[in-house]
Amino acid sequence: MAKNNIGRRDFIRFAGITGGIAGAHLAGLRQLGAAEIQAALAAQDVWIPTCCNMCGGTTGVLAHVVNGRVVKLEPSSHNPIGVANISTDFQTLKATGARMCPKGNASIMSLYDPDRVKKPLKRVGARGSGQWQEISYDQAVTEIAAKLANIKSTSGPEKLVWFTEDNNFGAIQQSLCNVYGTPNFLQHSNICDAARNIGFTLALGHGRPLPDLRNTRYMLLFGVNPLGAMKWAHLPRILLDGLANGAKIVVVDPRCSETAEKAFDFPGLWLPIRPGTDGALALAMANVIIAERLYDANFIANWTVGFDQFAALVRNRTPDWAARITGISADRIKQVAREVATIKPAVIDVWVGTAQHTNGTEAVRAIAMLAGLTGQIDAPGTGVLPERPSAKYRVPAPSAPLPPRVDGKGTKYPFAHGSGVYIEAREAMITGQPYRPKAAVFVFQNFVLSMPNLAKTSQALNNLELIVAVDTHLSETALMADYVIPGSNYLERYELLPQWVDFPVLTLRQPAVAPVYGQRLEYEFVQDLALKMGHNIYPFNAPYEQFLDDALLAGIGIGLAGLKALPGAVFIGGDTRYFKYRTSGFGTPSKKFEFYSQQMKDKGLNPLPDYVRAQDGPSSTYPFYIVNWKEALHTHSRTMNNRWLMDFHGENELWINADRASALGINDGDLVTVENQYGRAKAKAHVTSRIRPDVVGLTHGFGHWGLGPVAKGKGTNDNLFVPGKADHISGMAALKDGAVRVYK
Ligand SMILES: Nc1nc2c(c(=O)[nH]1)N[C@H]1C(S)=C(S)[C@@H](COP(=O)(O)OP(=O)(O)OC[C@H]3O[C@@H](n4cnc5c(=O)[nH]c(N)nc54)[C@H](O)[C@@H]3O)O[C@H]1N2
Ligand SMILES: Nc1nc2c(c(=O)[nH]1)N[C@H]1C(S)=C(S)[C@@H](COP(=O)(O)OP(=O)(O)OC[C@H]3O[C@@H](n4cnc5c(=O)[nH]c(N)nc54)[C@H](O)[C@@H]3O)O[C@H]1N2
Ligand SMILES: [Mo]
């Protein structure tokens, strides 16, 4: 069947097919074997609407399944992720088709990767030696349950620390942690964009304004590269549409990223900033906007608090002051300040390039102040505050009051992100303060490669009695485990996904094929483990689909079958609404946009977003800043065994400025040594004028010694060189701090 002929009727038909399977699920599919499920799907030629998970972007895709195998993925125009984030744009653009990225296209190679973990593995050699015994699933669950029960009774339930990804099956894992009695349920946002989230939350009471790039006239982008790190597949499209419509683009980035490059094709500027200094740049822009009275006096009078205190703070945060810190000239700072305050609407956005430093939250807050000064919030063509429908999961409450957390969330880090503080949890494994964890479970997390400072991670993990990894591959984290449980590929499982667009959308990830290796899915493993530990209660003893069905009914009033029956299995709850603060206020304690934060003051923190230096920068011994980034062909540390993607780009290169390289006798393609007090490794030099002279950098996620034979030994691990501290407000790992020396 040609995909172009897919209409609403076809989607209902597909939904019917998968709906049939779900019906069987609800009637007790857990008793059906993989072979039967396979048979049910086999001999079909269907397009199943689902959502990609090659990264966290959850693009809408159609999986073409022939004879029980996925043969092709195409973007689904029923899902706004891949089309546009504003509802009217979505309605206009979906007729022209949706977009997906190369990683999504290569999903099949991850699904059918011959190097996937196929059977549960038990460690037999020394930790990390890679010696395994294949064991039965039942033996694995039984032994893990017994060990966890023992740790709980002898040392206390809080000695278990559970780490997992954010999008996927979090509620069932939270349920298990609750009944087990550990408060230490952590999710990966605090190694992702937690500082962005907390910075915006402190300023405007919402953690995720989303840029309306298509309808804007000015884009001021700090530390974000939508054309390379496509957080969502529609971002490149709406950004390019915005430029084609005449918007001007200014990109603040120490290197000329794919997005910064657009400033050479369209009206715009690349501002090559010194890493970790974005906060100073934003404060100086605020200085100009206030001194020249370019602010939105009406918005400030009606919807903000603390303007006077903020104005007093930035009075001597002048362009000259910031020029010395940032390396951006005072004239440029004045020019951009004047433009962003007068060319409206303007998107003022910031992501992890700025946020992943020890001063990340303050820098994000300072940038958010520019949106407050200019009133560019929740209006068309600005940062719009999304409203998201949610599924309401029925999570069992803890049976007893939970002991204190191990990671300082809410105490040492009063404004820590909900996902916890990985850096502190690891610290506790090393120091035993406030107490020493004994067990860690990693579900869909490559802690070893994703966390800064490898030496610390190794030390921490070696102190644990029990490590369980649920992973599709023998990642570096799985290699440290005592038990490895085979994970699933997204094309094998369910998920309910509230989407990050500016109107309420909830979409379904659903199985396109049965688990390829007949393995239990992650959520089934969690249920099995809970049952084995004696928790014969909901939601562990219900079919997982029932849990989702209940959550959907409670959240959006339609169940799983209802969601499947919608075109593309996409629920749309309304249109984009603007200026929501005019009716309900901002989500801050004062209900206003806060230039001054009383809640920060109350916790002994600076109520104003002043500039503080990032903790780790260059010295005479280590003269280069080292930064890192994402690239369009790879996701974090997870795609480096994907044969298609590795064919396109099989290693990361160390970008180094041409002048500095020539002074060091380094030519393009040379193998160089990168080193600092934390690590040393070889890297292939990419000599370019597209990076500041005092900065080197590389794509994150390479340098594997695990994952699979394709990944092994390719490229360089950026996290070897990152000190491994946390931002003191959000608890966010500072993944882009650090300095190195480079030699041939
Ligand atoms: N220095 C530096 N460090 C960084 C970053 C950076 O820019 N620089 N980026 C940070 C950011 S933004 C993030 S979000 C984090 C990401 O860090 P992580 O959340 O750890 O993501 P990945 O590195 O992709 O590792 C995912 C692991 O899960 C496995 N896996 C993949 N798909 C599945 C699945 O469907 N099921 C199961 N069970 N396992 C699966 C993979 O094999 C891999 O081992 O890294 C952070 N770390
Ligand atoms: N292809 C692809 N897309 C992805 C992902 C992926 O792994 N691969 N991961 C997804 C995830 S989880 C996330 S969080 C997003 C992140 O999306 P982005 O925030 O765009 O992520 P990065 O590429 O890490 O960083 C953006 C830019 O910041 C620059 N930078 C580094 N240090 C600084 C600094 O101090 N100041 C400034 N101004 N810039 C700096 C880098 O050079 C880089 O070009 O991407 C998402 N999209
Ligand atoms: Mo991330």
Side-chain angles (χ1 to χ4, degrees), residues 53-57 101-103 110 116-117 163-166 168-169 187-189 191-193 196 221-232 235 251-260 271-278 281 326 350-357 360 363 442-452 469-478 485-493 521-522 525 614 625-641 655 691 695 697 699-701 706-708 717-722 733-738:
N53 199 194
M54 290 295 283
C55 77
C101 83
K103 304 182 298 303
S110 290
R116 279 180 64 177
V117 180
F163 298 90
T164 188
E165 214 257 358
D166 280 40
N168 296 276
F169 31 84
Q187 297 185 282
H188 93 295
S189 280
I191 57 166
C192 178
D193 66 343
R196 178 190 193 267
L221 306 177
F222 291 83
V224 56
N225 179 23
L227 299 187
M230 291 167 233
K231 182 97 190 157
W232 296 286
L235 287 184
V251 180
V252 183
D253 196 312
R255 63 162 189 142
C256 185
S257 67
E258 291 86 343
T259 308
L271 301 184
I273 194 167
R274 185 169 288 133
T277 66
D278 296 50
L281 181 61
T326 62
V350 45
W351 285 86
V352 309
T354 304
Q356 292 181 342
H357 293 278
F442 297 100
V443 181
F444 195 167
Q445 288 293 272
N446 195 359
F447 195 79
V448 175
L449 232 65
S450 304
M451 280 278 283
V470 184
D471 203 301
T472 48
H473 287 75
L474 274 178
S475 69
E476 289 69 20
T477 307
I485 302 293
S488 67
N489 180 278
Y490 77 88
L491 289 159
E492 301 167 326
R493 65 172 185 254
L521 303 168
E522 286 84 346
F525 165 70
Y625 288 91
I626 184 162
V627 298
N628 49 68
W629 52 77
K630 329 268 186 260
E631 67 176 53
L633 284 160
H634 287 285
T635 300
H636 306 306
S637 78
R638 83 176 69 145
T639 49
M640 287 76 196
N641 207 61
W655 288 34
I691 190 162
V695 181
T699 303
H700 165 66
L707 208 67
N717 173 8
D718 55 346
N719 271 326
L720 271 178
F721 311 108
V722 184
L735 295 156
K736 289 178 170 40
D737 272 0

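This structure is a prediction, so every number in the text was calculated from the model and none was measured. All ligand and atom numbering here is 1-based and tracks the order in the structure.
Judged by the shortest distance from any of its heavy atoms, E476 lies outside the 4.0 Å radius around the atoms of ligand 1. Residue P254 places a heavy atom less than 4.0 Å from ligand 2. Distances from ligand 1 to the non-hydrogen atoms of N53 include no value under 4.0 Å. Residue E165 places no heavy atom under 4.0 Å from ligand 1. Ligand 1 has no atom lying under 4.0 Å from any heavy atom of P452. Ligand 2 lies within reach of T354, whose nearest heavy atom is under 4.0 Å from it. At least one heavy atom of T472 sits closer than 4.0 Å to an atom of ligand 1. Note on ligand 2: A260 sits outside its first shell, no heavy atom being nearer than 4.0 Å. At least one heavy atom of L707 sits less than 4.0 Å from an atom of ligand 1. Under a 4.0 angstrom heavy-atom cut-off, N628 registers as being in contact with ligand 1.
Donor-acceptor pairing under 3.5 Å is recorded for the side chains of E165 and N168. In this structure, a donor-acceptor pair under 3.5 Å is absent between the side chains of Q187 and T164. Side-chain atoms of T472 and R116 include no donor-acceptor pair closer than 3.5 Å. Counting only N and O atoms by type, the side chains of Q445 and S450 include no donor and acceptor under 3.5 Å apart.
Nearest to atom 46 (C) of ligand 2 among the protein's heavy atoms is K231 CA, 3.5 Å. Counting only heavy atoms of the protein, atom 3 (N) of ligand 2 lies nearest to M230 N, 3.2 Å. With hydrogens left out, the protein atom closest to atom 45 (O) of ligand 2 is A229 CB, 3.6 Å, a heavy atom. From the protein, the heavy atom lying nearest to atom 10 (C) of ligand 2 is H636 NE2, 4.0 Å. Ranking the protein heavy atoms by distance from atom 8 (N) of ligand 2 puts H634 O, 2.6 Å first. Scanning the protein for heavy atoms near atom 44 (O) of ligand 1, the closest one is D471 OD2, 2.6 Å. When hydrogens are left out, the protein atom nearest atom 34 (C) of ligand 2 is G353 O, 3.1 Å; that is the closest non-hydrogen contact. C192 SG, 3.2 Å is the protein heavy atom nearest to atom 14 (S) of ligand 2. The protein heavy atom nearest to atom 21 (O) of ligand 2 is V352 CG2, 3.3 Å.
Atoms of ligand 1 found under 4.0 Å from any heavy atom of S637 (numbered from 1 in listed order, with element): 22 (P), 23 (O), 24 (O), 25 (O). Of all atoms in ligand 2, numbered sequentially from 1 with element shown, those under 4.0 Å from a heavy atom of K736 are 24 (O), 25 (O), 31 (C), 32 (N). Which parts of ligand 1 touch R493 is read off a 4.0 Å heavy-atom cut-off, strictly below it: atoms 34 (C), 35 (O), 36 (N). Using a 4.0 Å cut-off to heavy atoms of G487, the atoms of ligand 1 that qualify are 38 (N). Those atoms of ligand 1 that come under 4.0 Å of a heavy atom in K630, given as number and element, are 5 (C), 6 (C), 7 (O), 9 (N), 12 (S). Within ligand 1, the atoms closer than 4.0 Å to a non-hydrogen atom of S475 are 44 (O), numbered from 1 in the order shown. Atoms of ligand 1 found under 4.0 Å from any heavy atom of Q356, numbered from 1 in the order shown, are 6 (C), 7 (O), 10 (C), 12 (S). Of all the atoms in ligand 1, the ones that sit under 4.0 Å from a non-hydrogen atom of I191 are 10 (C), 11 (C), 12 (S), 13 (C), 15 (C), 17 (O), 46 (C). Residue-ligand proximity, S450 to ligand 1, at heavy-atom distances under 4.0 Å covers atoms 3 (N), 4 (C), 17 (O), 18 (P), 20 (O), 23 (O), 45 (O), 46 (C), 47 (N).
At a threshold of 4.5 Å between non-hydrogen side-chain atoms, the residues H700 and L449 do not count as touching. Side-chain atoms of R255 and N225, non-hydrogen and from C-beta on, do get closer than 4.5 Å to each other. Looking at K736 and T354, their side chains never come closer than 4.5 Å, going by heavy atoms from C-beta outward.
The backbone N or O of A733 lies less than 3.5 Å from no partner atom in the side chain of Q356, so there is not a single donor-acceptor pair. Within the 3.5 Å criterion, the main-chain N or O of S488 finds a donor-acceptor partner in the side chain of E522.
Here's the thing with W629: none of its N/O atoms is less than 3.5 angstrom from an N/O atom of ligand 1. For ligand 1, the polar-atom distance check finds an N/O of N719 within less than 3.5 Å of one of the ligand's N/O atoms. The N/O atoms of R274, backbone and side chain alike, include none that comes under 3.5 Å of an N/O atom in ligand 2. Residue contacts with ligand 1: F447 is placed with no nitrogen or oxygen under 3.5 Å of a nitrogen or oxygen of the ligand (distance criterion only). Between H188 and ligand 1, not a single N/O pair is under 3.5 Å apart. Considering backbone and side-chain atoms together, T635 places no N or O closer than 3.5 Å to any N or O of ligand 1.
Taking the six-membered ring where tryptophan is involved, the planes of W629 and W655 are perpendicular, since the angle between them exceeds 60° and thus also 30°. By the 30° and 60° cut-offs, the orientation of the rings of W232 relative to W351 is perpendicular.
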